[in-house]
Chemist: 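Once you've had a glance at the structure underneath, I'll fire off some questions.
Along the sequence shown, residues carry numbers from 1. Note that the structure is predicted; figures quoted are calculated from it, not measured.
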Amino acid sequence: MAQKALIRPARLGEEEAIHNAHMRSIREVCVKDHGKEEIKGWGFRPVGDRWTESIKSGLVWVVEKEGSVKGVAGLSIDKEAHSACIQALYLTPEALGEGLGKELAEIMIAKATEEGAKIIHLDSSITAHSFYQKLGFEDEGPRKKVNIGGHPVTCFPMQKRL
């Protein structure tokens with residue numbers, strides 16, 4: 001019987017596992033909607049240090065399943081602007097279809113609200129666009145291309161009032 005997934009705050013030392021789950025999600029899930037050209041830079045970036053400060057701030061959560069990281073969610077908060085931004089919400093194929101994405105989104109929305117945010121923004125992938133719409137996010141403008149890893153990636157700027 002498959003082990004139930006656990007959602008918990010990320011810990012320092014998990015940066016590489018988080019990065020690997022993130023990249024796998026792009027390469028194995030998002031590729032279906034974005035195509036190989038768009039994921040060339042997006043899904044093949046080096047780990048770098050992008051997760052460390054977010055983990056220290058307590059704004060990264062992971063999905064742990066069968067002893068390894070199978071998903072990640074990351075949030076940033078701008079207290080002066082009373083806003084938050086979903087920086088990441090990615091699941092590997094083996095974590096899809098269990099309601100984990102919705103649970104991660106709800107955790108981030110609750111944290112943003114608790115921190116005084118009045119609005120939460122994100123740039124949605126094509127893959128996640130309808131998922132965010134179901135959670136009450138609305139398009140903030142037309143879809144656009146952003147440069148990630150030297151390649152243009154299609155996204156939808158979205159927002160939700162809290």
Side-chain angles (χ1 to χ4, degrees), residues 5 7 10 18-48 50-51 53-55 57-63 69-162:
I7 293 177
I18 290 167
H19 178 74
N20 290 339
H22 181 193
M23 294 300 106
R24 278 194 61 216
S25 179
I26 294 166
R27 292 192 301 256
E28 297 174 33
V29 180
C30 298
V31 68
K32 294 172 183 84
D33 298 305
H34 286 269
K36 290 184 179 183
E37 192 61 36
E38 282 202 3
I39 68 157
K40 275 184 182 176
W42 183 28
F44 293 92
R45 292 172 282 164
V47 65
R50 67 178 295 227
W51 293 106
E53 289 307 312
S54 295
I55 291 170
S57 70
L59 298 174
V60 179
W61 297 265
V62 296
V63 171
V69 174
K70 301 295 184 185
V72 60
L75 183 70
S76 65
I77 296 173
D78 183 338
K79 289 191 180 221
E80 286 183 22
H82 302 288
S83 68
C85 182
I86 293 178
Q87 301 288 342
L89 200 172
Y90 292 91
L91 298 172
T92 61
E94 50 280 346
L96 292 174
E98 298 179 31
L100 297 165
K102 182 178 181 198
E103 193 173 338
L104 286 165
E106 288 170 349
I107 288 168
M108 289 190 286
I109 292 166
K111 181 66 172 176
T113 302
E114 174 187 313
E115 295 292 330
K118 303 294 181 208
I119 192 165
I120 190 165
H121 302 273
L122 62 93
D123 281 339
S124 173
S125 65
I126 295 168
T127 307
H129 189 238
S130 65
F131 165 79
Y132 286 116
Q133 287 175 321
K134 289 175 190 161
L135 292 174
F137 285 83
E138 297 177 347
D139 289 332
E140 197 172 6
R143 78 182 188 172
K144 62 182 183 179
K145 299 265 187 182
V146 294
N147 186 318
I148 303 176
H151 293 270
V153 177
T154 303
C155 66
F156 294 88
M158 301 184 83
Q159 67 179 6
K160 177 181 176 94
R161 298 224 172 265
L162 303 176

Chemist: For Leu104, run the side-chain contact (heavy atoms from CB on, under 4.5 Å) check against Ile109, Val72, Val62, Leu91 and tell me which one passes.
Modeler: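 Testing Leu104 for a side-chain contact (heavy atoms from CB on, under 4.5 Å) against Ile109, Val72, Val62, Leu91 leaves exactly one candidate, Leu91.
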Chemist: Go through the steps for Leu96 and Val29 under the test side-chain contact (heavy atoms from CB on, under 4.5 Å), then give the verdict.
Modeler: CA-CA 9 Å; Leu96 292 174; Val29 180; 3.8 Å; yes
Chemist: Checking Glu115 side chain against Lys79 main chain: does a donor-acceptor pair fall under 3.5 Å?
Modeler: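 Not at all, since once roles are kept as given, no pair shorter than 3.5 Å links the two residues.
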Chemist: Are Arg24 and Glu94 close enough for a salt bridge, meaning some N to O gap below 4.0 Å?
Modeler: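 The answer is yes: the pair qualifies as a salt bridge.
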Chemist: How far does CD1 of Ile39 sit from SG of Cys30, to the nearest 0.5 angstrom?
Modeler: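 Ile39 atom CD1 to Cys30 atom SG measures 8.5 Å (nearest 0.5 Å).
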Chemist: For a side-chain contact (heavy atoms from CB on, under 4.5 Å) check, start with the C-alpha distance between Leu59 and Ile77, then their side-chain angles and the critical distance, and finish with the verdict.
Modeler: CA-CA 9 Å; Leu59 298 174; Ile77 296 173; 4.0 Å; yes
Chemist: Where do Gly58 and Trp61 come nearest, in terms of heavy atoms and distance?
Modeler: O-CZ2, 3.8 Å
Chemist: What heavy-atom pair brings Ala5 and Val63 nearest, and what distance separates the two atoms?
Modeler: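 Result for this residue pair: CB-CG1, 3.8 Å.
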Chemist: Just verifying a value: how many Å separate Leu75 CG and Leu89 CG, rounded to the nearest 0.5 Å?
Modeler: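 Rounded to the nearest 0.5 Å, the CG-CG separation comes out at 10.5 Å.
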Chemist: Do His121 and Glu140 pair up side chain to side chain, a donor and an acceptor below 3.5 Å, judged on atom types alone?
Modeler: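 Yes, side-chain donor-acceptor contact under 3.5 Å.
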Chemist: About how many Å separate CZ of Arg50 and CD of Gln87, when rounded to the nearest 0.5 Å?
Modeler: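 It comes to 8.0 Å.
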Chemist: Could you walk me through whether Lys102 and Leu135 pass the side-chain contact (heavy atoms from CB on, under 4.5 Å) test, one step at a time?
Modeler: CA-CA 8 Å; Lys102 182 178 181 198; Leu135 292 174; 4.0 Å; yes
Chemist: Which heavy atom in Ala112 sits nearest to a heavy atom in Ala84, and how many Å separate them?
Modeler: CB-CB, 3.6 Å
Chemist: Does the Ser25 side chain pair with the main chain of His22, one donor and one acceptor, at a distance under 3.5 Å?
Modeler: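 No.
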Chemist: Under 6.0 Å from the NZ atom of Lys118, do we count more than 12 heavy atoms belonging to anything else shown?
Modeler: no
Chemist: Kindly indicate, with the supporting measurements, whether the criterion side-chain contact (heavy atoms from CB on, under 4.5 Å) is fulfilled by Glu103 and Glu98.
Modeler: CA-CA 9 Å; Glu103 193 173 338; Glu98 298 179 31; over 6 Å; no
Chemist: Quick one: which of Met158, Gln159, Arg161 gives a side-chain contact (heavy atoms from CB on, under 4.5 Å) with Phe137?
Modeler: Met158
Chemist: Identify the two heavy atoms, one from His19 and one from Arg45, that lie closest to each other, and give their separation to 0.1 Å.
Modeler: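 Nearest heavy atoms, His19 then Arg45: NE2-O, 2.8 Å.
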Chemist: Could you tell me if the side chain of Lys144 sits less than 4.5 Å from the side chain of Pro157, heavy atoms only?
Modeler: yes
Chemist: When you measure from the side chain of Lys32 to the backbone of Glu28, do you find a donor-acceptor pair of N or O atoms at a distance under 3.5 Å?
Modeler: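 Yes; at least one donor-acceptor contact below 3.5 Å.
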Chemist: Indicate the atoms forming the closest heavy-atom contact of Val69 with Ala21, along with that distance.
Modeler: O-CB, 3.7 Å
Chemist: Could you report the tightest heavy-atom contact between Phe156 and Ser125, atom names first, then the distance?
Modeler: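 For Phe156 versus Ser125, the nearest heavy atoms are CD1-O, 4.1 Å.
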Chemist: Are Glu138 and Lys160 close enough for a salt bridge, meaning some N to O gap below 4.0 Å?
Modeler: no
Chemist: Evaluate the ring planes of His34 and Trp42, with Trp represented by its six-membered ring, and classify them as parallel (under 30°), tilted (30 to 60°) or perpendicular (over 60°).
Modeler: perpendicular
Chemist: CZ/Arg143 to OG/Ser124 distance, rounded to the nearest 0.5 angstrom?
Modeler: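 Arg143 CZ to Ser124 OG: 11.5 Å, rounded to 0.5 Å.
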Chemist: Rounded to the nearest 0.5 Å, what separation is found between the CD atom of Glu114 and the CG atom of Leu162?
Modeler: 12.5 Å
Chemist: Could you point out which residue of Val146, Ile126, Asp33 forms a side-chain contact (heavy atoms from CB on, under 4.5 Å) with Thr154?
Modeler: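 Exactly one option meets the side-chain contact (heavy atoms from CB on, under 4.5 Å) with Thr154, and it is Ile126.
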Chemist: Are the side chain of Asp139 and the backbone of Gly141 linked by a donor-acceptor contact shorter than 3.5 Å?
Modeler: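 Not a single qualifying donor-acceptor pair exists.
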Chemist: How many angstroms lie between CE in Met23 and CD1 in Ile18, if you round to the nearest 0.5 Å?
Modeler: 11.5 Å
